[in-house]
Amino acid sequence: MVQATPFLLVLSLALVAPSFSARKCVLTGHWINDLGSNMTIKALNGKGEFAGSYHTAVTATTNEIQVSPLQGSQHHTNEKSQSTFGFTVNWSFSDAITVFTGQCFVNKEGKEVLKTMWLLRSYVDMIKDDWKATRVGTNTFHRIHPQK
């Protein structure tokens with residue numbers, strides 16, 4: 001029995017070790033995308049809902065850019081380490097709204113990355129201009145680590 005103890009200890013460590021290395025991607029925090037836009041996602045509630053703010057670095061309007069509110073939802077699961085999510089940004093400085101959908105990943109270097117696709121809907125005066133009212137694109141966000 002004494003000789004079996006080291007074997008069982010090594011076996012149990014081998015079975016448990018992969019769970020220590022699997023890092024979970026956490027949606028809350030501060031993010032910057034490939035265009036220089038900044039986003040803050042506050043804590044998720046029990047239903048996976050969240051709020052935050054978005055400060056875009058790009059715009060098609062001549063209005064002064066302002067920080068805009070965002071609201072969203074993360075797929076509610078305790079099992080997935082790289083969850084899916086979606087959120088809406090209601091632009092404070094224009095008659096437009098953008099919806100994002102994406103997934104939170106941990107890349108090979110162990111860094112969190114948000115891969116997103118978005119639809120931006122701008123206001124148009126007439127239905128004949130509907131064809132130019134919606135734009136589509138993608139963004140990759142990287143976590144902004146707090147300064148120490």
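Hydrophobic clustering of Ile, Leu, Val, Met, Phe, Trp and Tyr side chains at less than 4.5 Å, counting indirect connections, unites Met39 with Phe93.
In terms of the salt bridge (Lys or Arg N to Asp or Glu O under 4.0 Å) criterion, residue partners of Asp130 (sequence neighbours excluded) are, by chain and number, Arg121. With sequence neighbours excluded, the residues forming a side-chain hydrogen bond (donor to acceptor under 3.5 Å, both in side chains) with Thr40 are His30, listed by chain and number. Under the ring pair (Phe, Tyr, Trp, His ring centres under 6.0 Å) criterion, Phe105 pairs with no residue, sequence neighbours left out. Partners of Thr138 according to the side-chain contact (heavy atoms from CB on, under 4.5 Å) rule, which considers only residues two or more places apart in sequence or in another chain, are Met117. Residues passing the side-chain hydrogen bond (donor to acceptor under 3.5 Å, both in side chains) test with Thr28, sequence neighbours excluded: none. Every residue meeting the side-chain hydrogen bond (donor to acceptor under 3.5 Å, both in side chains) condition with Glu109, not counting sequence neighbours, appears here in chain and number order: Asn107. The side-chain contact (heavy atoms from CB on, under 4.5 Å) check on Thr98 picks up Trp91, Phe100, Trp118, Leu120, with sequence neighbours excluded. Among residues two or more places apart in sequence or in another chain, the side-chain hydrogen bond (donor to acceptor under 3.5 Å, both in side chains) test is passed with Lys111 by none. Taking the side-chain contact (heavy atoms from CB on, under 4.5 Å) definition, one finds that Asp129 meets it with Val124, Met126, Trp131, Lys132, sequence neighbours left out.
Shown here for Ser37 and Ala57, the closest heavy-atom pair between the two residues is OG-N, 2.9 Å. In plain terms, the two heavy atoms of Trp31 and Val26 that are nearest each other are CZ2-O, 3.5 Å.
Pairs of residues two or more places apart, or lying in two chains, that qualify as salt bridge (charged side-chain N to carboxylate O under 4.0 Å, His left out) and include a residue from residues 136-145 are Glu112-Arg143. Among residue pairs with one or both ends in residues 92-127, those qualifying as disulfide bond (SG atoms under 2.5 Å apart) are Cys25-Cys104; sequence neighbours excluded. Annotation: disulfide bond (SG atoms under 2.5 Å apart) contacts involving residues 33-67, sequence neighbours excluded, are absent.
Separating the CZ atom in Phe141 from the CD1 atom in Ile32 is a distance of 9.5 Å, to the nearest 0.5 Å.
Judged purely by distance below 3.5 Å, without hydrogens or angles, the side chains of Thr84 and Gln103 never pair a donor atom with an acceptor atom.
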